[in-house]
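Here the structure is a predicted model, which means the values were calculated and not measured.
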Amino acid sequence: MQTKATLELADLKTIAAAAEAEALKNKWAVTIAIVDDGGHLLWLQRLDDAAPISAQIAPAKARTAATGRRESKSYEDMINGGRFSFLSAPGLEGLLEGGVPIMKDGHCIGAIGVSGVKSSEDVQIGRAGIAAIGL
């Protein structure tokens with residue numbers, strides 16, 4: 001039987017704090033969502049002045065990254081490249097850049113999704129959060 005790493009509450013707090021610090025440093029009002037490897041919401045944090053819709057988009061980006069085991073941007077790129085059928089993929093709502101899987105030893109243990117600023121800035125915030133736990 002295999003064993004796998006999982007995100008613990010302490011990891012969530014560390015990731016969220018680092019992501020929040022990156023957003024605040026740049027004066028970006030965003031929502032930060034962290035999910036487990038099955039896309040189940042573990043953490044949601046909407047910073048002051050973040051648009052209400054970002055609280056729906058960030059978890060969707062995170063779920064897409066976790067269940068797809070890849071950055072959500074890859075789906076956006078496929079669609080922009082003409083593969084419109086991905087718009088009908090079941091269970092995938094956050095087909096936008098800003099969802100980053102959290103990988104450990106080649107396995108996805110969760111994902112972070114950020115929404116509220118330019119998509120490349122959303123990713124910057126997410127990666128800062130993941131880096132805080134040494135991944």
Side-chain angles (χ1 to χ4, degrees):
M1 182 179 298
Q2 296 183 1
T3 59
K4 68 176 187 174
T6 59
L7 293 169
E8 297 178 342
L9 182 57
D11 299 319
L12 301 176
K13 290 178 178 181
T14 300
I15 293 166
E20 177 184 5
E22 182 70 16
L24 294 176
K25 176 180 81 173
N26 291 290
K27 298 182 176 146
W28 293 333
V30 298
T31 295
I32 300 160
I34 305 169
V35 300
D36 67 12
D37 62 332
H40 304 98
L41 188 62
L42 301 173
W43 189 277
L44 182 69
Q45 179 175 354
R46 188 171 130 203
L47 302 183
D48 292 342
D49 298 321
I53 190 74
S54 67
Q56 294 179 6
I57 295 171
K61 289 179 179 183
R63 276 191 302 276
T64 295
T67 58
R69 308 300 198 244
R70 64 179 77 174
E71 291 201 21
S72 57
K73 182 183 187 319
S74 65
Y75 297 104
E76 182 178 7
D77 290 344
M78 281 187 243
I79 294 163
N80 288 340
R83 198 159 177 208
F84 303 117
S85 60
F86 258 97
L87 291 171
S88 66
L92 295 180
E93 298 173 333
L95 303 174
L96 305 164
E97 183 176 12
V100 182
I102 302 170
M103 306 295 291
K104 180 164 177 57
D105 301 326
H107 298 282
C108 180
I109 61 171
I112 185 169
V114 180
S115 178
V117 287
K118 292 179 186 175
S119 55
S120 60
E121 295 166 347
D122 289 340
V123 171
Q124 179 181 331
I125 294 165
R127 288 186 179 149
I130 295 168
I133 59 168
L135 300 177

Check the hydrophobic clustering (I, L, V, M, F, W, Y; side-chain heavy atoms under 4.5 Å; chains of links allowed) and say if [X] and [Y] are grouped together.
X	Y	value
Leu135	Leu7	yes
Ile125	Leu44	no
Val123	Ile79	no

Compare all side-chain heavy atoms of [X] with those of [Y] and state whether any distance is below 4.5 angstrom.
X	Y	value
Asp122	Val117	yes
Leu42	Val35	no
Asp36	Leu41	no

Residues that [X] engages under side-chain hydrogen bond (donor to acceptor under 3.5 Å, both in side chains), provided they are two or more places apart:
X	answer
Ser54	Thr31
His107	none
Asp37	Lys4
Thr67	none

Per the salt bridge (charged side-chain N to carboxylate O under 4.0 Å, His left out) rule, what does the pair list look like for [range], sequence neighbours excluded?
range	value
residues 44-54	none
residues 106-116	none
residues 102-111	none
residues 71-81	Glu71-Arg127, Lys73-Asp77

Could you name each residue pair satisfying ring-ring contact (aromatic ring centres under 6.0 Å, His included) that touches residues 8-40, not counting sequence neighbours?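 Every candidate ring-ring contact (aromatic ring centres under 6.0 Å, His included) pair involving residues 8-40 fails, so no pair, neighbours aside, qualifies.
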Is the backbone N or O of Lys118 less than 3.5 Å from a side-chain atom of Glu121, with the two atoms forming a donor-acceptor pair by type?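 Present.
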Between Thr64 and Ala60 (side chain of the first, backbone of the second, donor and acceptor by atom type, cut-off under 3.5 Å), is there such a pair?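 Pair found, side chain donor or acceptor close to backbone of Ala60.
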Among Ile, Leu, Val, Met, Phe, Trp and Tyr joined by side-chain contacts under 4.5 Å, find the other residues sharing a cluster with Met103 and list them by chain and number.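 The other cluster members (ILVMFWY side chains, heavy atoms under 4.5 Å, direct or chained): none.
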All N/O donor-acceptor pairs, side-chain side in residues 92-102, below 3.5 Å, sequence neighbours left out:
residue: Glu93; atom: OE1; partner: Arg63; partner atom: NH2; Å: 3.3
residue: Glu97; atom: OE1; partner: Ser119; partner atom: OG; Å: 3.0

Would you give the length of the straight line joining atom CD1 of Ile112 to atom OG of Ser72, rounded to the nearest 0.5 angstrom?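 Reported value, rounded in 0.5 Å steps: 11.5 Å.
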Nearest 0.5 Å please: distance from the CG atom of Leu12 over to the CD1 atom of Ile32.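 If I round to the nearest 0.5 Å, the distance is 12.0 Å.
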If you look at every heavy atom in Ala111 and Ala65, which pair is closest and at what distance?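 Minimum heavy-atom separation between Ala111 and Ala65: CB-CB, 3.8 Å.
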When you look at CZ of Arg83, are more than 12 heavy atoms from neighbouring residues, nucleotides or ligands closer to it than 6.0 Å?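 Not more than 12 within 6.0 Å, no.
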Under the side-chain contact (heavy atoms from CB on, under 4.5 Å) criterion, do Thr6 and Ile109 qualify, and how do the steps go? CA-CA 6 Å; Thr6 59; Ile109 61 171; 6.0 Å; no
Could you pull out every donor-acceptor pair under 3.5 Å between side chains of residues 13-24 and any protein atom, sequence neighbours left out?
residue: Thr14; atom: OG1; partner: Ala10; partner atom: O; Å: 2.9
residue: Glu20; atom: OE1; partner: Gln45; partner atom: NE2; Å: 3.0
residue: Glu22; atom: OE1; partner: Lys25; partner atom: NZ; Å: 3.2
residue: Glu22; atom: OE2; partner: Asn26; partner atom: ND2; Å: 3.3
residue: Glu22; atom: OE2; partner: Gln124; partner atom: NE2; Å: 2.6

